**Q** 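Below: one structure in structure tokens.
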Amino acid sequence: NWLKAVPDMVLRTHRQLYRQFAQVLINPAGDLKAAEAILGHLGQAEHDNDFLGEIATLEASIASSRREYQRTVELSRKALALLAPENLRARSVAAYTLGQIIWSKGLFEEAEPILTEAFNSARQSGYLQIAGNAINFLANIKWHRGQMRQAVEMLEQAIRLAEITP
């Protein structure tokens with residue numbers, strides 16, 4: 001990634017770029033400790049709730065990668081409370097992260113509105129990967145309730161999303 005070539009002192013003076021660098025580090029081949037350090041630095045002097053919500057969203061992703069599910073839930077809820085309503089992309093990630101964990105516990109009634117928010121926010125922001133993932137979980141909830149026609153319709157919608165995803 002080209003961001004690794006940018007000196008740390010330069011990145012530290014550009015908060016969005018530094019946040020993006022942390023985001024790049026949150027992947028299977030990344031460096032979660034380095035990402036955490038960056039997010040910790042960014043959060044120290046920050047007063048913009050929306051940006052703090054983006055930080056919490058990334059921290060939730062780190063916690064999820066480590067299988068720290070209670071922390072993931074807490075950070076995702078924090079992110080959703082802080083993120084601006086118009087920050088649809090970040091809201092979709094936070095809601096999806098939260099919704100999938102609640103779904104995995106079999107708490108479908110609680111997971112459904114969260115995953116619906118993830119789907120709607122992702123679709124509106126053009127984040128089709130999250131939209132497709134969220135609607136698959138929603139279809140599974142319908143299937144568990146015996147609402148097969150609705151489950152099939154949702155899965156067909158997921159297929160249409162996949163067809164337009166690059």
Side-chain angles (χ1 to χ4, degrees), residues 1-105 107 110-111 113-138 158 161-162 164-166:
N1 183 307
W2 65 270
L3 284 170
K4 290 181 180 180
V6 178
D8 190 58
M9 291 309 294
V10 172
L11 288 172
R12 286 177 181 253
T13 61
H14 297 87
R15 70 181 194 152
Q16 286 292 352
L17 195 58
Y18 209 29
R19 184 203 50 77
Q20 185 176 354
F21 183 48
Q23 186 172 351
V24 167
L25 294 173
I26 303 170
N27 66 65
D31 185 346
L32 296 181
K33 285 186 180 186
E36 268 183 324
I38 291 167
L39 295 173
H41 171 78
L42 286 169
Q44 285 178 352
E46 188 57 52
H47 302 291
D48 175 357
N49 279 347
D50 189 58
F51 192 74
L52 288 169
E54 290 182 7
I55 291 171
T57 300
L58 294 174
E59 289 173 330
S61 294
I62 292 170
S64 180
S65 294
R66 292 182 171 149
R67 298 185 182 344
E68 298 170 354
Y69 298 124
Q70 185 57 41
R71 180 156 167 71
T72 304
V73 167
E74 292 166 6
L75 288 165
S76 296
R77 289 189 193 281
K78 176 183 175 182
L80 289 168
L82 291 169
L83 287 165
E86 62 273 7
N87 192 343
L88 296 174
R89 187 175 177 94
R91 289 191 70 80
S92 72
V93 174
Y96 174 72
T97 302
L98 177 61
Q100 70 170 331
I101 289 176
I102 293 171
W103 174 90
S104 72
K105 294 179 178 183
L107 303 172
E110 185 179 351
I114 297 165
L115 289 165
T116 299
E117 177 182 354
F119 171 72
N120 289 332
S121 296
R123 192 183 62 204
Q124 289 173 25
S125 68
Y127 199 174
L128 300 181
Q129 179 182 356
I130 292 291
N133 289 342
I135 202 166
N136 277 307
F137 279 100
L138 289 166
L161 285 171
I164 60 173
T165 301

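Remember, predicted model here, so these are calculated numbers, not experimental data.
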**Q** Using modelled atom types and a 3.5 Å cut-off, is there a donor and acceptor pairing between side-chain atoms of Ser64 and backbone atoms of Ser61?
**A** no
**Q** Between CD1 of Ile38 and CD1 of Ile26, what distance do you get to the nearest 0.5 Å?
**A** 9.0 Å
**Q** Could you tell me the separation between the OG1 atom of Thr72 and the CD1 atom of Ile102, rounded to the nearest 0.5 Å?
**A**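 Here the interatomic distance stands at 11.0 Å.
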**Q** Out of curiosity, Leu82 CG to Arg91 CZ, how far, rounded to the nearest 0.5 Å?
**A** 10.0 Å
**Q** Show the nearest heavy-atom pair for residues Ala158 and Asn136, with the distance to one decimal.
**A** CB-OD1, 4.0 Å
**Q** First locate atom CG of Leu83, then atom OG1 of Thr57, and finally report the distance between them rounded to the nearest 0.5 Å.
**A**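 It is 4.5 Å, given to the nearest 0.5 Å.
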**Q** Please assess Leu75 against Ile62 for the test side chain to side chain contact (heavy atoms under 4.5 Å, CB included), listing each intermediate value before the final yes or no.
**A** CA-CA 10 Å; Leu75 288 165; Ile62 292 170; over 6 Å; no
**Q** Any carboxylate oxygen within less than 4.0 angstrom of a Lys/Arg side-chain nitrogen, looking at Arg15 and Glu54?
**A**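 So Arg15 does not pair with Glu54 through a salt bridge.
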**Q** Considering all heavy atoms of both residues, which atom of Ala79 and which atom of Ala94 are nearest to each other, and what is their separation?
**A**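 Taking Ala79 first and Ala94 second, the nearest heavy atoms are CB-CB, 3.9 Å.
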**Q** Rounded at 0.5 Å granularity, tell me how far CD1 in Ile130 sits from CD1 in Ile135.
**A**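 Here the interatomic distance stands at 13.5 Å.
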**Q** Return each pair, listed once, that meets salt bridge (Lys or Arg N to Asp or Glu O under 4.0 Å) where at least one residue sits in residues 68-90; pairs must be two or more places apart or across chains.
**A** Arg77-Glu110
**Q** Which residue pairs pass the side-chain hydrogen bond (donor to acceptor under 3.5 Å, both in side chains) test with at least one member in residues 121-134, sequence neighbours excluded?
**A**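 Qualifying pairs: none.
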**Q** Flag the pair Leu32 / Leu25 as yes when at least one side-chain heavy-atom distance between them is below 4.5 Å, and no otherwise.
**A** no
**Q** Would His41 and Tyr18 satisfy side chain to side chain contact (heavy atoms under 4.5 Å, CB included), going step by step from the backbone distance to the final call?
**A** CA-CA 10 Å; His41 171 78; Tyr18 209 29; 3.5 Å; yes
**Q** Quick check: do Arg19 and Phe51 have side-chain heavy atoms less than 4.5 Å from each other?
**A** yes
**Q** Between Ile114 and Trp103, is a side chain to side chain contact (heavy atoms under 4.5 Å, CB included) present by the stated rule, with each step listed?
**A** CA-CA 10 Å; Ile114 297 165; Trp103 174 90; over 6 Å; no
**Q** If you look only at pairs with a residue in residues 92-102, which of them pass as a side-chain hydrogen bond (donor to acceptor under 3.5 Å, both in side chains), with sequence neighbours excluded?
**A** none
